[in-house]
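Scroll down for the structure; my scribbles are underneath it.
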Amino acid sequence: MKNIQTLEDYLSSDSEGLAGSSFVCPYCGKTHSVPIGKIINGNGVLDQVPSIAEDILGHKPLHPVLVYDQAIEDVIRRYVIDPLACAGFTPQLFPMGGPGIHLDSEDKIGDAAAARIDPSTDILIGAGSGVISDTTKWIATRTKKPFMIIGTAASMNGYTSITATITKNDVKFSEFLTPANAVVLDADILAGAPIEMTRAGYGDLVARAVCNADWKLGSLIRGNFFCPLPYQITAENERKYMAVSRQIGQSDPDAVAFLGEAILKSGLSMTIMDGETSPSSGAEHVISHYWDYLVHLRGLVKNFHGTQVGIGSVMMLNLYDYVRNLDPGKIDPQKLLRTRPSVEQIEAENRALYGEKAESFNNVVSQKRIPDQDFIPNISKILSSWDSIWSEVGKYLASPSEVAANMKAAGISLKLESIHRTKEDGLEALLKGSHYRIRYTLLDLAWELGIFPDAAEEILCRSGVIE
Ligand SMILES: [Zn+2]
Ligand SMILES: [Zn+2]
C-alpha cells in the first residue's frame, strides 16, 4: 500500500491515485485505506484488461471467466467480448439470467452461480453495471477467486465500493464482500450505454447533498461516528460533472467521463470508511430501497436505482428545508410525547401493510424508539441546540432548487409518474422509510418532532414530484 502524506495530496488524488492507498485522517484519526489495487478510468482503457489480469495473478491468466447478464449479451459482445478477443484475450463466457429476465443481485442466484463456476478458474471478470458488479463480488467472495469489474454504464456508484447491495428474501442489504482487485471504466463504453442509465448514475450521485447531512445529523443527535473526509474527496468531481449536466444528458463522451470519475470517487467515499455507506447513502437511498421493496410486495415496476435516488434526494432536500426553517419555540416536547403513535399502533399498521414481512420493520421500530422516560430530555436537547445543529448539518446540504435545475438540465424527470410511482407511494416511502432501515436520518427526526405524518404531502408538493 502507498501512504499518502498530506490532506492536500489526498484531496487532489483522482480515483487511480487513491487505488491501493492509505491515509491517516487529520479529522477522525483513523487510517482510511483503499484495498482495491487498481482503478482505471479513461477513453479506450479496455485494452488494458489483459495486462491488468496478468498483474493481479503474477502470470498470464490460464482460465479467466467473464460474468455478464445474458439479457444484454449483444451489448457486452460489442463493447467488451469482441474488443478483448481482438486483443487476443478470450475468457470463458459465464452468462447469467437470460433474455427477458430482470436479473437481481440475490444471494440465492449468486450462490447458485458460485456453485457452477469451474474450479480451475483463476480470475473472474464481471462486465456490466450494478447487478453484475454486485453479483460478481458475491461469486468471487464465495469462490475465493481474484476478480476485476469492467463497468459498462455510469449508472451507479457501487463499482469501487467494498460492499454490495444483495437481496435476501426480497429485502436489500449492504454486504461486506471481498474488494475487487481492479475496477476498469472505459468512458467510450459508458457513453454508449442507454441514456437512462447515465441519468440514473447522475441521480445516484445527487445523493451526496443529502446523505452526508443525514450522517452528520445522526452524529449530532445520536452520537454516531462521522468524518468529513468522504464528502471532501467528492467535492471537486461534483462541481465538474454538474457543470456539464446538459452534455451528460446527451451522452457526450467527455462529459460522461467526468461522471465516470465522480462515480468511482463516490464508491471510494464508502470504501475509505471500511464500507460504511453513510457517505453515499442516506434517507434518499432509503426511499429508493423502499420503492424497490414495493416491487416485491405489490408487483410495481422496477426502475433504475439511481433514478429513484435522484427523485428521493430532491424530496429529502425539500424536507431538510422545511425542518430547518421551523420555529423550535413552537415545538412542545410534552405534547409530542402525549400524541406520538404507540409502538403497538405502529406494529399493527405494519402488519396490516406488510403481513408476515412486518417483523423486520417492527424490529427497526423497536430499536429506534426513544423510551417514554427519555423522550422529553431528548427532544428538549435537540430544541436547545437547534441553531448549532442546522449550521453544522447545513454545511453538507445543497439548495433543492439548484439540484432540481441541474437534474432537469441532464434530462431527468422529477415526477413520481416517470418512475411508475403514485403520490401514495411517495407518501409511504417518506412515512415508512424510517422503519425500513436502522440508520438514523432526517426521516426519523421528522417523526420525533411530530412533523410526520402531516407534512409529508406538502413535501411532495414542494419537491415538484407530483402534479
Ligand atoms: Zn476520517
Ligand atoms: Zn446508490
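Residue indices begin at 1 and follow the sequence shown. When reading the values below, keep in mind they use all heavy atoms of this one structure, side chains included, and skip hydrogens, waters and symmetry mates. In each ligand, atom 1 is the first atom listed, and ligand 1 is the first ligand listed.
In this structure, Lys137 forms no cation-pi arrangement with Phe176, as its terminal cationic atom is not both closer than 6.0 Å to the ring centre and no more than 45° off the ring axis. Geometrically, Arg462 does not engage Tyr322 in a cation-pi contact, judged by NZ or CZ lying under 6.0 Å from the ring centre and within 45° of the ring axis.
Using cut-offs of 30° and 60° on the angle between ring planes, the pair Tyr231 and Tyr396 is perpendicular.
Ion pairing between Lys423 and Glu467 fails under the 4.0 Å rule for side-chain N and carboxylate O.
Closest approach between the Zn ion (ligand 2) and any N/O/S atom of Asp204 involves OD1.
At the Zn ion (ligand 1), the angle from SG in Cys28 to NE2 in His32 is 100° when rounded to 10°. With the Zn ion (ligand 2) as the vertex, NE2 of His305 and NE2 of His285 span 100° to the nearest 10°.
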